[in-house]
Amino acid sequence: MYLCRMQNYLDGLNEAQRTAVLHKDGPIMIIAGAGSGKTKVLTTRIAHLMSKHGIDPFRILALTFTNKAAAEMKERIEKTLGNTEARNLYIGTFHSVFARILRSEAPKLGYTSNFTIYDTDDSRSVVKTVVKEMNLDEKQYKPNVVFNRISSAKNALVGPEEYRTDSMLQQEDARANRPQTGAIYDAYAKRCFKNGAMDFDDLLFKMYSLLTQFPEALSKYQHKFQYILIDEYQDTNPAQYEIIKLLGAMHENVCVVGDDAQSIYSFRGATIENILQFSKDYEDVVMVKLEQNYRSTKNILHIANEVISNNKGQIQKKLFTDNDEGEKIKLVRTFTDNDEGKMVADSIQELKLRNHFFNPDFAILYRTNAQSRSFEEALRKTGITYRIYGGISFYQRKEVKDFIAYLRIVINPQDEEALKRIINYPARGIGKTSIEKLVLYANERNTSFWNILTNASMFGIKSATLEAIDGFVTMIKMFQSELHKKNAYDLAVLVGKSTQIVKELFNDKTVEGLARYENVQELLNSIKEFTETPSNLEDGEVGDKSLAAYLQQIVLLTDADDDKTNADAVKLMTIHAAKGLEFPVVFVGGLEETLFPNAMAVHTREELEEERRLFYVAITRAKKHLYLSYANARYRFGQLQQNDPSRFLEEIPDEFVDKSNAGGNARNNGGHTQMQGNAFQRMHRGFGNGYAQETPKSKPAYTSPARPKVVEHTPNADFVPSDTQHLAVGQKVEHQKFGFGKVMKMEGAAHNPIATIQFEENGEKKIMLNYARLRILEN
DNA sequence: GATTATATGGTTTTT
DNA sequence: CCATATAATC
């Protein structure tokens with residue numbers, strides 16, 4: 001019987017797949033073309049290792065690109081084996097698996113196990129604060145640009161010290177007019193550490209530090225992970241490569257699965273070098289190519305092969321399929337982006353009626369998130385239910401992030417980003433100036449913002465503000481004392497009540513207010529669901545029903561994890577988000593120059609080839625029908641912009657295309673081989689240089705209409721505001737900002753007097769005496 | 001200090 | 001066009 005089941009799972013495999021599954025020990029690289037059954041191979045291989053070879057699931061590490069892929073694999077293995085052993089596998093994304101390990105090893109790195117994980121918004125915000133504190137120009141050191149640079153460095157395993165001493169990197173920064181980038185990097189890293197926080201890249205960078213600086217940790221995990229499997233290998237970066245190399249060095253049972261033709265994440269530091277390097281780093285690598293496609297029609301596969309053949313750099317392979325010829329690809333030209341949306345909506349309607357397709361059979365794919373708008377509108381008008389993946393995720397909504405910020409502080413009060421976010425939300429009278437002052441004190445004393453808050457009375461804060469701060473601190477401390485008595489959900493409810501956030505949102509009866517209220521309720525529901533779903537944990541890990549575990553989980557969620565696969569809706573997403581998915585009917589929109597290939601990515605062959613791989617990924621998502629569309633003109637920044645059809649359209653042979661709606665012609669050492677070389681070389685091994693491409697700025701030719709500008713006034717050094725209770729018409733005064741002037745008129749109620757003052761430099765202003773700081777000069 | 005009005009500038013792609 | 005940053009007003 002046992003054998004019988006085993007036979008079953010091996011039966012459905014073709015020869016190449018079978019080879020990949022049966023290979024037991026030693027390194028193996030599987031080049032898996034689109035739709036070639038790669039997930040099937042991975043899951044069967046793991047099932048086989050467990051059932052045939054008796055490998056302990058606790059000792060198998062499988063790294064996937066999304067959490068959803070991990071969950072799916074687990075499920076499929078359980079089904080194959082007919083038991084629940086698969087739940088013991090160490091399986092997840094690089095980031096979530098390493099976060100889990102880092103939690104239990106945190107003290108080694110000087111962190112506590114409840115460290116916060118910063119998302120990109122948090123990280124950018126830290127960069128911004130640091131830039132400000134260093135008195136650098138924010139225009140010159142744009143948080144986004146600087147952060148991307150830091151991120152690239154980390155992904156190449158270049159730390160702050162190395163960064164600052166690498167002359168090539170220094171030169172590059174100097175040329176980009178950002179010579180202080182290294183100093184910012186250093187300050188940024190220190191600040192994150194002080195805040196008890198790691199950013200996304202740290203989860204890789206610090207994992208590497210852990211393994212290289214602590215031999216006992218390296219040995220522990222090398223022993224533990226007897227078998228290692230990596231999915232989507234073409235999208236790994238140098239940091240991930242090195243970590244795997246270290247972890248796999250003992251058993252060398254490393255199995256990587258990837259497709260160089262689908263490498264689309266170079267902007268995140270991924271490099272196909274990792275595929276090429278793999279067979280050099282290990283001896284006797286078994287190579288398997290999966291070339292039979294089970295997904296698409298012959299027509300679809302043909303054009304995919306044609307398109308990708310325009311790329312120079314790639315591993316030779318030829319995908320084929322036994323599937324039907326299928327219909328021709330439809331190429332559709334429309335006048336505007338709105339028409340494109342309408343065309344897609346109409347086509348969906350028709351396919352549903354004539355060919356009996358249902359909403360979940362359709363996917364609309366595009367290059368940039370902004371393109372979703374015209375599709376949404378058309379679908380809404382046509383009455384087709386749809387769902388958008390990506391864009392601003394649920395957990396990035398302001399009200400949700402605010403609420404989460406409270407939870408973050410309860411877990412880790414050193415988290416300055418979270419503190420700044422909600423110290424005055426809901427408004428409790430702790431203003432910007434007070435906060436800035438206190439942060440400054442914290443920096444001067446080299447302590448945390450929270451420590452300053454708990455001793456705020458020592459810093460000459462005025463009594464009303466001090467009271468507010470004390471109230472806030474007391475409340476947070478109360479939450480912290482409840483942390484161990486309550487589960488995550490009950491604590492979250494307590495936070496919602498005590499802060500009055502829920503009540504405030506409930507009382508906001510505007511449409512947006514209602515949506516915000518619902519979002520917070522949904523957050524609470526998600527926490528509840530989390531506390532009620534059982535899961536596994538082992539050897540001294542953070543209890544994974546904890547609030548900390550919840551926070552870790554949500555910050556590492558990917559767009560693709562947002563499941564609802566079964567939802568009765570048409571799906572809209574970027575091509576990046578569609579990786580690994582398949583749909584009976586696929587629409588790819590916006591096939592226009594400047595959009596796809598994107599204008600930001602046509603400057604080098606490497607960039608252009610990645611755009612083409614992206615197009616390849618889009619095409620190969622389709623099983624039965626494929627629609628490619630482009631608009632003559634589309635709204636961009638509120639203005640209609642003309643575009644040529646994408647150059648990629650010319651690469652599709654006519655014989656496979658139905659152009660009846662295309663409007664005529666389409667165109668007008670330790671074996672660290674990888675890490676050899678200096679920091680500069682490593683950061684440039686992938687594509688790009690870590691700087692986002694900057695388009696030359698074209699300034700509008702018009703001059704903005706004149707606006708009464710305030711002539712800045714610098715008050716005398718001895719400026720002390722006077723008591724203005726008895727201010728009278730005719731008196732001369734000095735205003736902190738508007739300068740010298742004469743009181744022309746007094747009005748307003750006794751408790752809120754308003755003076756009309758004629759300023760020498762800035763004309764007549766109405767000033768509320770309750771707030772203004774005025775010095776009376778003479779009568 | 002908080003709320004509201006105006007101005008600027010931004011679009012790749014994401015863990 | 002939209003979201004966020006800054007300035008004006010209360």
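Numbers restart at 1 for each chain; the letters A, B, ... are given by sequence-line order, proteins then strands.
Taking atom CG on A:L614 and atom P on B:dT13, their separation rounds to 11 Å, with Å as the unit. Nucleotide B:dT13 holds its P atom 14 Å from the CZ atom of A:R268, rounded to whole Å. Here the C1' atom of nucleotide B:dT15 and the NE2 atom of A:H576 are 13 Å apart, to the nearest Å. For the pair A:Q639 CD and B:dG10 P, the computed distance is 16 Å after rounding to whole Å. Atom-to-atom, CD of A:E592 to C1' of B:dT11 comes out at 14 Å; the value is rounded to the nearest Å. The NZ-C1' distance, from A:K139 to B:dT8, rounds to 9 Å in whole Å. The separation between A:N369 atom CG and C:dC1 atom P is 20 Å, rounded to whole Å. Atom CG in A:L608 sits roughly 18 Å away from atom P in B:dT13 (whole-Å rounding).
Contacts of A:N424 with the nucleic acid, taken as non-hydrogen atoms under 4.0 Å apart, involve only primed sugar atoms and P, OP1 or OP2. In this structure, A:F596 reaches neither bases nor backbone, as no heavy-atom distance under 4.0 Å exists between it and the strands shown. Residue A:F637 is classed as a base contact, given a heavy-atom separation below 4.0 Å to a base. Residue A:T433 is classed as a sugar-phosphate contact, given heavy-atom separations below 4.0 Å to backbone atoms only.
We find that A:D121 and A:R124 are joined by a salt bridge, their nearest charged nitrogen and carboxylate oxygen being less than 4.0 Å apart. Salt-bridge formation is not detected for the pair A:R421/A:E417: no Lys NZ or Arg NE/NH1/NH2 atom is positioned less than 4.0 Å from an Asp or Glu carboxylate oxygen.
For A:T120 and B:dT15, a side-chain-to-base donor-acceptor distance below 3.5 Å is present, hydrogens and geometry of angles not being considered.
The side chain of A:H95 sits closest to B:dT15 out of B:dT11, B:dA2, B:dT15. When distances are taken from the side chain of A:Y265 to each of B:dT15, B:dT14, B:dA2, the shortest belongs to B:dT14. Here the side chain of A:F200 is nearest to one of B:dT15, B:dT12, B:dT13, namely B:dT15.
The aromatic rings of A:Y366 and A:F375 sit parallel, their planes meeting at an angle under 30°, below the 60° perpendicular limit. Ring pair A:F98/A:F94 is perpendicular by interplanar angle, where above 60° counts as perpendicular and below 30° as parallel.
For the pair A:K579 and A:F65, the cation-pi criterion (under 6.0 Å, within 45° of the ring axis) is fulfilled. Cation-pi geometry between A:R397 and A:F394 is not satisfied (NZ or CZ under 6.0 Å from the ring centre, within 45° of the ring normal).
Using atom C1' as the reference point in both B:dT11 and C:dT6, the two lie 23 Å apart (nearest Å). Only the P atoms considered, B:dT13 is 15 Å distant from C:dT4, to the nearest whole Å.
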Are there any protein N/O atoms within less than 3.5 Å of an N/O atom in nucleotides 2-5 of chain C, and if so, which ones and at what distance?
| from | atom 1 | to | atom 2 | distance (Å) |
| --- | --- | --- | --- | --- |
| C:dA5 | OP1 | A:K128 | NZ | 3.3 |

For this session: Show your reasoning for whether side chain to side chain contact (heavy atoms under 4.5 Å, CB included) applies to A:N643 and A:F596.
Result: CA-CA 11 Å; A:N643 285 320; A:F596 194 15; over 6 Å; no

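Put simply, A:F267 rests on the base of B:dT13: the two rings are less than 5.5 Å apart at their centres and nearly parallel, under 30°.
The phosphate of B:dT15 has neither OP1 nor OP2 within less than 4.0 Å of any side-chain N or O from A:S96.
Comparing A:R367 and A:F147, the nucleotide of DNA chain B nearest to each residue sits closer to the 5' end for A:R367. In this structure, A:S434 and A:T368 both approach DNA chain B, and ranking their closest nucleotides by distance from the 5' end singles out A:S434.
A pairwise comparison of heavy atoms in A:Q234 and A:D259 identifies OE1-N, 3.0 Å as the closest pair.
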